[in-house]
K.L.:
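Here it is, the structure, as structure tokens.
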Amino acid sequence: MTELPTRYLASETESKWYARWESAGLFQPSDLPGQKTFTITIPPPNITGSLHMGHALCYPIQDVLGRYRRLQGDSVLILPGQDHAGIATQSVVEKQLRKAGTSGAQLGREKFVEKVWEWRKESGDTILRQFRALGCAFDWSRSRFTLDDRYAQAVLEVFIDWFERGLIYKGLRVVNWDPALQTSVSDIETERKTINGKLYYVRYPYADGSGEILIATTRPETMLGDVAVAVHPSDARYTGLIGKTLRLPLMDREIPLIADPYPDPEFGSGAVKITPAHDANDFEVGQRHGLEQPIILDPRGRITEAGGVYAGLSREEARKRIVQDLESEGYLVKIEDHAIPILVSERSGEIIEPLLSEQWFVRQTELAKPVIQAIEDGDVRFVPDRYARVALDWLENIRDWCVSRQLWWGHRIPVYYDEAGNAYAALNEEAAQAKAGALRIVRQEEDVLDTWFSSGLWPFATLGWPEETDDLKRFYPTDVLVTDRNILYLWVARMMMMGLDKLHERPFRDVYIYATVLTEDGRRMSKSLGTGIDPMGIIERIGADALRYALLSQTGMNQDLRFGERRTEDARNFCNKIWNATRFVLMNVEAPPVRPESLEKVDRWLLSRLARTEQAVRAAYEGYDFQEACQALYRFFWSELCDWYIEVSKARLADPETRAVPQWVLLTAIEAFLKMMHPIMPHLTEELYQHLPLSGKAEFLMSAAWPESLPEADLEVETEVERVFEATRSLRALRAEIDLPAMKPIDTVYFEGDLGGLEEVLRTQGWVQQLRAGRPEGIKSISTTAGGLDLHLPIEGLIDPEKETARLTKEAEKVGAELQKLEQRLANPQFTERAKPEIVARERAQAEELRLRLEKVQARRQLLSD
RNA sequence: GGGCGGUUAGCUCAGUGGUAGAGCACUUCGUUCACACCGAAGGGGUCACAGGUUCAAGUCCUGUACCGCCCACCA
């Protein structure tokens, strides 16, 4: 007997087991002889992060893989940690300082960085606590942070090496500039948007007064920095005019008309104004033609001295004034509405300004080569594999990587300058001084490195690199990277570059890209849109296991996943079903049962289904098809174990003579099921496993072994038993026709055909007292044919002949239509000659069966009308 | 502009060329006997559209439409 409650109460169970696993040391890799390792270094979340639905999918996936491998006997390391997240963190702390009436600028670099560390200590690991609530079995003793001393050492090491190999250089380039945060930002930290803007048409007159060129621009203020107007060399409108001089309106400067392939002759007048310092394309044009690069916007987004009378204005004010002035001076031809693509900074919400500035770059072509090779060779495998092509396309057209950021929070670039301005990359000032020799080191570079530079080292810096640690030897390369498709380039590709360059070995074997979690109506989940769902709220209400199942049961090779809270109900119900079915078994089993000598067909049926479910679930886990695993487990448990096997066993369990066999079968099935379900629902399964009366049980389900030596699948028994189930369903339907409620016993049912020893299944599941072979003579009855059996249900009271005729007519129609379709096909010689013989044979047999059934139905209808 | 996904029941989605499936929702019936977070029985689909290949197409090929994502220098 058991005192388990009739409902699964998640919150108590989950925290209890998490604590017990942890104190038993199960989150750390075991070290048994001959064990394979399985390693994941989790994508380090930002220290500013808090759990959203994407996390609630990403991290449990890794936990599922880890738990699965543990059950398979591997030594599993899932190494957690966090990313210092330069911009995100710096802006969070800045915001707090502003609230407190101060600012980073007031504190100065050193004090500010101290403040950030304080902040991290206090509230930087919220998200890691939330991973625990999700049940993630990560090795917290190995947790890493991208700004740890040892980690920082690794970052500098790579930088210095690349600097010395000439892979890192400093250069002037147009970068994404965030005027609010006053730093360059990476593409990933920007968002592409289209806004309703204006297209301004401006006259640029020839200096000799011989005419003018019409220029269209969406950013009129940038004309202050114009150095040329470009047209396509083959544009007939400008033949012979190339090289002429134009007068730049408002600025009283002369600029040349140049020919360059960049302008599209189809667009507008075909002429483009060239502002090299404020547009990446214009910059390239300027480079080709050796043009100057006047910078007209400062880091805060204000017009510089180069902007003449407009100096000091913000970019918005400048635009307004310039448009006014153009108009009053007669240069403005027209203004049209125009959809303008812009970039917005995700951190500040500010419009990104393309700005020429001095930045550090990493040459990418050379580093990308081994990555391309590894992907093409299948050395690193993408799942779904379509992402391999996406990655390759990017790598083959790669551009140099801007790695400097004008921030304080991060890895300060280890470049030191001597008094003559020479640059040295070194671990510290002393080392730099040693390299400089007689010249004195006077300053260090102010910028810090892009956060992705340090996270690119994640799979090996977390294991102790550059030291040859035991962990590094044992766990590198890792097995799989589980991530979001959005950071394929920025992170995944970089890790591969860095891993292949520094360790000459792929950082991971597989890259599994999981689906993006969307709202139920297909919109993005975002806090600002108010469309986000808080995973913690769901965990509190129904538990982490149900949340995990709800998400994982929709996760396969798909690109998106639509998630609404409604869906969590199914998951909760399934948890409860598992709970109660196990409870039922516990109520019916006292001691560890012994394996019986002989089994009945239903027993063999269930065990065969179990064996095939195990195959399916194992293949699904290995192939990252969690949806498939969930479905196989759900069907086995609910539709097969609960709906049929348990129901059939009830009578057997009630009889002391027959109960031993179903007891053993039930426990075998439940134990195997809990193990297979455990990766997805770790807490619930652990709790139930602990109650199972098994001999030789593991201390924890989590550290138990995957189901072994299950009986073999037996397809013949499956077919045989399922035929009887089909007959049973038909009998129940027949009962329903005469309004007999389910489970209400009826006296007698007659059957014709071979039940193959499964009489008890049909009798108990059809809720019949007595099953008789043969047909009822001289008794009114209604009949059906299913699963190769004829079933006759005697009617005591009156049959409603109309209703019964209608039922039989409908059945005759259905069977007739099916038969007709088959006969047509079989009459076609093309089919019988060309189709595979087994298909033809099967269809012939089916047609025969249908013909027989149709005859019976028609006979019954005839009988009724007599 | 280029590339990649998707379009199957009211909803969310499965579906190895061989008679269209699941879960939820819906309808009817049923609560002492594991679970009403349950059980039983039902209704519901010209598989986006148009061509083609095939004895046979939701499935393979070509094209079109719509939705979504990524990349790209259209001022």
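Nothing here was measured: the structure is a model prediction, and the numbers come from that model.
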K.L.:
Tell me the partner of B:rA65, counting only Watson-Crick (N1-N3 plus N6-O4 or O6-N4) or G-U wobble (N1-O2 and O6-N3) with both under 3.5 Å; none if nothing fits.
P.N.:
B:rU7
K.L.:
As a test of reading the structure: which of B:rC73, B:rG23, B:rA34 is closest to the side chain of A:Ala581, going by heavy atoms?
P.N.:
B:rA34
K.L.:
So which of A:Thr516, A:Leu561, A:Leu547 actually passes side chain to side chain contact (heavy atoms under 4.5 Å, CB included) with A:Met53?
P.N.:
A:Leu547
K.L.:
Counting the atoms with a prime plus P, OP1 and OP2 as sugar-phosphate, which does A:Glu737 contact under 4.0 Å by heavy atoms, base, sugar-phosphate, or nothing?
P.N.:
nothing
K.L.:
Classify the nucleic acid contact of A:Pro341 as base, sugar-phosphate or nothing, counting any heavy atom under 4.0 Å across all strands shown.
P.N.:
sugar-phosphate
K.L.:
A:Trp491 CH2 to B:rC70 C1': how many Å, rounded?
P.N.:
19 Å
K.L.:
Base, sugar-phosphate alone, or nothing: which one does A:Val390 contact when heavy atoms must sit under 4.0 Å apart?
P.N.:
nothing
K.L.:
Once you apply a heavy-atom cut-off of 4.0 Å, does A:Asp264 come out as touching a base, just sugar-phosphate, or nothing?
P.N.:
base
K.L.:
Given the P atoms of B:rA14 and B:rA22, what is the spacing between them in whole Å?
P.N.:
16 Å
K.L.:
Taking atom P in both B:rC69 and B:rG30, what distance in whole Å separates the two?
P.N.:
49 Å
K.L.:
Counting just side-chain N and O atoms, does A:Arg732 come under 4.0 Å of either OP1 or OP2 of B:rA41?
P.N.:
yes
K.L.:
Would you please confirm or rule out a distance under 4.0 Å between OP1 or OP2 of B:rA72 and any side-chain N or O of A:Arg399?
P.N.:
yes
K.L.:
Taking B:rG10 as the reference, what is the distance to B:rG51 when you measure between their C1' atoms (whole Å, please)?
P.N.:
32 Å
K.L.:
Quick one: look up who B:rA25 pairs with, Watson-Crick or G-U, both distances under 3.5 Å, and put none if it's unpaired.
P.N.:
none
K.L.:
Are OP1 or OP2 of B:rC24 and a side-chain N or O of A:Arg566 less than 4.0 angstrom apart?
P.N.:
no
K.L.:
What is the nucleic acid contact for A:Arg729, judged by heavy atoms within less than 4.0 Å: base, sugar-phosphate only, or nothing?
P.N.:
sugar-phosphate
K.L.:
For RNA chain B, whose closest nucleotide is more 5', that of A:Arg562 or that of A:Lys836?
P.N.:
A:Arg562
K.L.:
Looking at A:Lys577, does any N or O in its side chain come under 4.0 Å of the phosphate oxygens OP1/OP2 on B:rG39?
P.N.:
yes
K.L.:
Considering Watson-Crick and G-U wobble pairs with both distances under 3.5 Å, what does B:rG1 pair with?
P.N.:
B:rC71
K.L.:
Do A:Asn580 and A:Tyr8 have a side chain donor and acceptor closer than 3.5 Å?
P.N.:
no
K.L.:
For A:Lys744, answer base if it contacts any base atom (sugar-phosphate contacts may also be present), sugar-phosphate if it contacts only those atoms, and nothing otherwise; contact means non-hydrogen atoms under 4.0 Å.
P.N.:
nothing
K.L.:
Name the nucleic acid region contacted by A:Tyr387, choosing base, sugar-phosphate or nothing; use a 4.0 angstrom heavy-atom cut-off, strictly under.
P.N.:
nothing
K.L.:
Which part of the nucleic acid does A:Arg635 contact within heavy-atom distance under 4.0 Å: base, sugar-phosphate only, or nothing?
P.N.:
nothing
K.L.:
Taking atom types as they are modelled, is there a donor-acceptor pair under 3.5 Å from the base of B:rA56 to the side chain of A:Glu843?
P.N.:
no
K.L.:
Just call it for A:Asn397: base, sugar-phosphate, or nothing, with non-hydrogen atoms closer than 4.0 Å on any strand.
P.N.:
nothing
K.L.:
For A:Tyr489, answer base if it contacts any base atom (sugar-phosphate contacts may also be present), sugar-phosphate if it contacts only those atoms, and nothing otherwise; contact means non-hydrogen atoms under 4.0 Å.
P.N.:
sugar-phosphate
K.L.:
Mind checking A:Arg389 for me? I need base, sugar-phosphate or nothing, with any heavy atom below 4.0 Å counting as a touch.
P.N.:
nothing
K.L.:
Which nucleotide in the set B:rG5, B:rG39, B:rC73 lies at the smallest distance from any side-chain heavy atom of A:Trp638?
P.N.:
B:rG39
K.L.:
Below the 4.0 Å mark, does B:rC38 have OP1 or OP2 next to a side-chain nitrogen or oxygen of A:Asn573?
P.N.:
yes
K.L.:
Nearest 0.5 Å, what's the CE-CZ distance between A:Met677 and A:Phe574?
P.N.:
5.0 Å
K.L.:
Is any side-chain N or O of A:Glu520 under 3.5 Å from a base N or O of B:rU12, one able to act as donor and the other as acceptor?
P.N.:
no
K.L.:
With a 4.0 Å cut-off on heavy atoms, is A:Glu833 in touch with a base, just the backbone sugar-phosphate, or nothing at all?
P.N.:
nothing
K.L.:
For B:rG68, does either OP1 or OP2 sit under 4.0 Å from a side-chain N or O belonging to A:Arg524?
P.N.:
no
K.L.:
A:Arg567 or A:Glu818: which one's nearest nucleotide on RNA chain B is closer to the 5' end?
P.N.:
A:Arg567
K.L.:
Roughly how far apart, to the nearest Å, are B:rG39 and B:rU31 at atom C1'?
P.N.:
10 Å
K.L.:
Roughly, in whole Å, what's the span from CG in A:Asn486 to P in B:rC70?
P.N.:
6 Å
K.L.:
Looking only at N and O atoms, is any donor in the side chain of A:Lys650 or the base of B:rA34 less than 3.5 Å from an acceptor on the other one?
P.N.:
yes
K.L.:
In terms of heavy-atom contacts, does CD of A:Gln820 have more than 12 from other residues, nucleotides or ligands at under 6.0 Å?
P.N.:
no
K.L.:
Whole Å only: how far is the CZ atom of A:Arg485 from the C1' atom of B:rC4?
P.N.:
10 Å
K.L.:
For B:rC60, which nucleotide is its Watson-Crick or G-U wobble mate, given both distances must be under 3.5 Å?
P.N.:
B:rG52
K.L.:
Whole angstrom is fine here: how far is it from CD in A:Glu284 over to P in B:rA75?
P.N.:
16 Å
K.L.:
Would A:Glu640 and A:Arg609 pass as an ion pair if we require N to O under 4.0 Å?
P.N.:
yes
K.L.:
Pick the C1' atom in B:rU59 and in B:rG68, then give their distance to the nearest Å.
P.N.:
23 Å
K.L.:
Check the distance between B:rC74's P and A:Asp279's CG and give it to me in whole angstrom.
P.N.:
10 Å
K.L.:
Check whether A:Arg203 reaches the backbone of A:Glu212 with its side chain - one donor and one acceptor, N or O, closer than 3.5 Å.
P.N.:
no
K.L.:
What nucleotide, of B:rC37, B:rA14, B:rG39, holds the atom closest to the side chain of A:Gln631?
P.N.:
B:rA14
K.L.:
May I ask you to evaluate whether A:Trp767 reaches the phosphate of B:rC33, defined as a side-chain N or O under 4.0 Å from OP1 or OP2?
P.N.:
no
K.L.:
Base, sugar-phosphate or nothing for A:Ala733? Non-hydrogen atoms, less than 4.0 Å.
P.N.:
sugar-phosphate
K.L.:
What is the distance, rounded to the nearest whole Å, between atom CG of A:Asp625 and atom C1' of B:rC13?
P.N.:
12 Å
K.L.:
With P as the reference atom in both, quote the distance from B:rU46 to B:rG5 in angstrom, rounded to an integer.
P.N.:
28 Å
K.L.:
Nearest to the A:Ala216 side chain among B:rA75, B:rG18, B:rC73, which nucleotide is it?
P.N.:
B:rA75
K.L.:
Would A:Lys650 pass as a cation-pi partner of A:Phe584, given that its NZ or CZ must be under 6.0 Å from the six-membered ring centre and within 45 degrees of the axis?
P.N.:
yes
K.L.:
Identify whether any heavy atom of A:Lys810 sits under 4.0 Å from a base atom; if not, whether one sits that close to sugar-phosphate; answer base, sugar-phosphate or nothing.
P.N.:
sugar-phosphate
K.L.:
In whole angstrom, what separates A:Leu518's CG from B:rU7's C1'?
P.N.:
16 Å
K.L.:
Output the rounded distance in Å from OH (A:Tyr645) to P (B:rG39).
P.N.:
19 Å
K.L.:
Can you see if the side chain of A:Arg572 gets near the phosphate of B:rC37 - specifically, an N or O under 4.0 Å from OP1 or OP2?
P.N.:
no
K.L.:
Is the number of heavy atoms from other residues, nucleotides or ligands within 6.0 Å of CZ (A:Arg399) greater than 12?
P.N.:
no
K.L.:
Out of A:Glu353, A:Lys273, A:Arg319, which one pairs with A:Thr222 under the side chain to side chain donor-acceptor pair (under 3.5 Å) rule?
P.N.:
A:Lys273
K.L.:
Who is the Watson-Crick or G-U wobble partner of B:rA36, with both distances under 3.5 Å?
P.N.:
none
K.L.:
Out of A:Arg566, A:Arg562, A:Arg567, which residue meets the side chain to side chain donor-acceptor pair (under 3.5 Å) rule with A:Glu520?
P.N.:
A:Arg566
K.L.:
In the strands shown, is B:rU46 matched to any nucleotide by a Watson-Crick or G-U wobble pair with both distances under 3.5 Å, and which?
P.N.:
none
